[in-house]
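Structure, as structure tokens:
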Amino acid sequence: QVQVVESGGGSVQAGGSLRLSCTASRRTSSNNAVGWFRQAPGKEREFVGVRSWNGASILYADSVKGRFTLSRDNAKNTVYLQMNDLKPEDTAVYYCAVARSSYGSASRGDYQYWGQGTQVTVSS
């Protein structure tokens, strides 16, 4: 069993930045992609982005493209989500998940291990 832990959430004003971290308890298969999702109150969990282990494939939701950036430190088994130019509509609980596949996808069903989430609140 792999435990996934997110950190770095908090409260910021619109236009601010946050960096979320996602660390797995042990090294997953070298072919596993890692993705981020978010869930706002009263809404379904939605895809934010996914990065393959080697970085050859990175996908972002249209709503965050150009503002959010995924990176990965394999030595630390950690994936980062840098969030810039945050907007109030980015307010949500952000979840990290380890995919079953090499490249991942926008589908929640493609992810095997999930973290407990970290709250991001953006005020106007």
Side-chain angles (χ1 to χ4, degrees):
Q1 185 71 19
V2 175
Q3 291 185 335
V4 180
V5 180
E6 305 96 337
S7 62
S11 297
V12 295
Q13 291 189 331
S17 299
L18 284 173
R19 188 179 77 160
L20 305 184
S21 300
C22 170
T23 302
S25 60
R26 64 171 175 81
R27 184 172 296 280
T28 59
S29 164
S30 62
N31 291 328
N32 290 126
V34 175
W36 286 89
F37 289 75
R38 66 186 183 185
Q39 188 166 17
K43 296 186 177 181
E44 292 196 357
R45 194 170 299 187
E46 65 175 7
F47 171 75
V48 174
V50 59
R51 187 182 191 280
S52 63
W53 177 265
N54 60 8
S57 174
I58 302 177
L59 299 175
Y60 297 101
D62 288 342
S63 59
V64 306
K65 202 172 293 183
R67 301 187 297 123
F68 290 13
T69 303
L70 283 166
S71 61
R72 188 162 183 162
D73 185 335
N74 290 339
K76 296 182 178 180
N77 212 30
T78 298
V79 172
Y80 302 99
L81 179 66
Q82 178 66 43
M83 305 186 296
N84 297 329
D85 190 24
L86 283 161
K87 304 176 180 181
E89 52 264 42
D90 294 318
T91 295
V93 177
Y94 283 70
Y95 297 90
C96 176
V98 178
R100 305 175 194 273
S101 64
S102 300
Y103 292 95
S105 75
S107 173
R108 287 178 291 172
D110 285 347
Y111 294 82
Q112 185 174 12
Y113 302 109
W114 291 81
Q116 294 300 307
T118 185
Q119 177 71 46
V120 171
T121 303
V122 184
S123 58
S124 57

Quick one: pull up [atom1] in [X] and [atom2] in [Y] and give me the separation to the nearest 0.5 Å.
X      : Y      : atom1 : atom2 : result
Leu70  : Leu20  : CG    : CG    : 10.0 Å
Glu46  : Arg108 : CD    : CZ    : 10.5 Å
Trp114 : Glu6   : CH2   : CD    : 9.5 Å
Ser7   : Arg19  : OG    : CZ    : 9.0 Å
Ser11  : Leu86  : OG    : CG    : 11.0 Å
Asn54  : Arg72  : CG    : CZ    : 9.0 Å

With a 4.5 Å heavy-atom cut-off, do [X] and [Y] have their side chains touching?
X     : Y      : value
Val98 : Gln112 : no
Arg38 : Thr91  : no
Met83 : Arg67  : no
Arg51 : Ile58  : yes

>> Ring of Tyr95, cation from Arg45 - is the NZ or CZ under 6.0 Å from the centre and inside 45° of the axis?
In response: yes

> Is Asp90 salt-bridged to Lys87, cutoff N-O under 4.0 Å?
Replying inline: no

> Would Leu81 end up clustered with Val12 when hydrophobic side chains under 4.5 Å apart are linked, directly or stepwise?
Replying inline: yes

> Would Leu18 and Val93 show up in the same hydrophobic cluster when neighbours are defined by side-chain heavy atoms closer than 4.5 Å?
Replying inline: no

>> Can you give me the closest heavy-atom contact between Val48 and Tyr94, atom names plus distance?
In response: CG2-CE2, 4.3 Å

>> Ignoring hydrogens, what is the shortest heavy-atom contact between Pro88 and Ser123? Give both atom names and the distance.
In response: CG-C, 4.5 Å

> For Thr78 and Thr23, does a side-chain donor sit closer than 3.5 Å to a side-chain acceptor?
Replying inline: yes

> Using 30° and 60° as the class limits, which term best fits the ring planes of Phe37 and Tyr111: parallel, tilted or perpendicular?
Replying inline: perpendicular

> Can you check whether Ser57's main-chain N or O pairs, donor with acceptor, with Ser52's side chain at less than 3.5 Å?
Replying inline: yes

> With Tyr113, which of Asn32, Val34, Val4 fulfils side-chain contact (heavy atoms from CB on, under 4.5 Å)?
Replying inline: Val4

> Out of Val79, Val50, Val64, which residue meets the side-chain contact (heavy atoms from CB on, under 4.5 Å) rule with Trp36?
Replying inline: Val79

